[in-house]
Amino acid sequence: MMSAVTDIQKIAFDRLPPDEGIVSPVSRADETPDPVILPTLDRIRDALPGWAPGKDADPVQRARNLLTIAAVPDILQDGTG
């Protein structure tokens with residue numbers, strides 16, 4: 001098992017988006033999704049504008065809800081989720 005320090009040392013911080021930026025891509029621009037998952041991605045894209053938790057009146061909770069959706073592909077791509 002790797003230590004947290006070793007894990008942190010492996011992060012290429014120079015390749016991460018800036019902290020003050022608003023863009024954090026889930027995949028590379030040249031990466032195409034697996035055709036098997038395209039219908040699921042299309043369904044999520046189409047449903048997201050009307051998703052009730054994404055319209056929560058509390059802006060903090062709304063952000064948490066939307067960030068949860070954004071975290072799912074990251075967790076799945078990591079292979080540990």
*Asks:* Can you list the residues that meet the salt bridge (Lys or Arg N to Asp or Glu O under 4.0 Å) rule with R45, with sequence neighbours excluded?
*Replies:*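 Partners of R45 by the salt bridge (Lys or Arg N to Asp or Glu O under 4.0 Å) criterion, ordered by chain and then number, come out as D42.
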*Asks:* Please output the side-chain donor-acceptor pairs of residues 32-40 that fall under 3.5 Å, not counting sequence neighbours, one pair per line with the distance.
*Replies:*
residue, atom, partner, partner atom, Å
D34, OD1, V36, N, 2.9

*Asks:* Can you list, pair by pair, the side-chain donor-acceptor contacts under 3.5 Å of residues 50-65, counting residues two or more places apart and other chains?
*Replies:*
residue, atom, partner, partner atom, Å
D56, OD1, D58, N, 2.8
D58, OD1, V60, N, 3.1
Q61, NE2, N65, OD1, 2.8
R62, NH1, D56, O, 2.5
N65, ND2, P53, O, 2.8
N65, ND2, Q61, O, 3.3

*Asks:* D46: what forms a salt bridge (Lys or Arg N to Asp or Glu O under 4.0 Å) with it, not counting sequence neighbours?
*Replies:* none
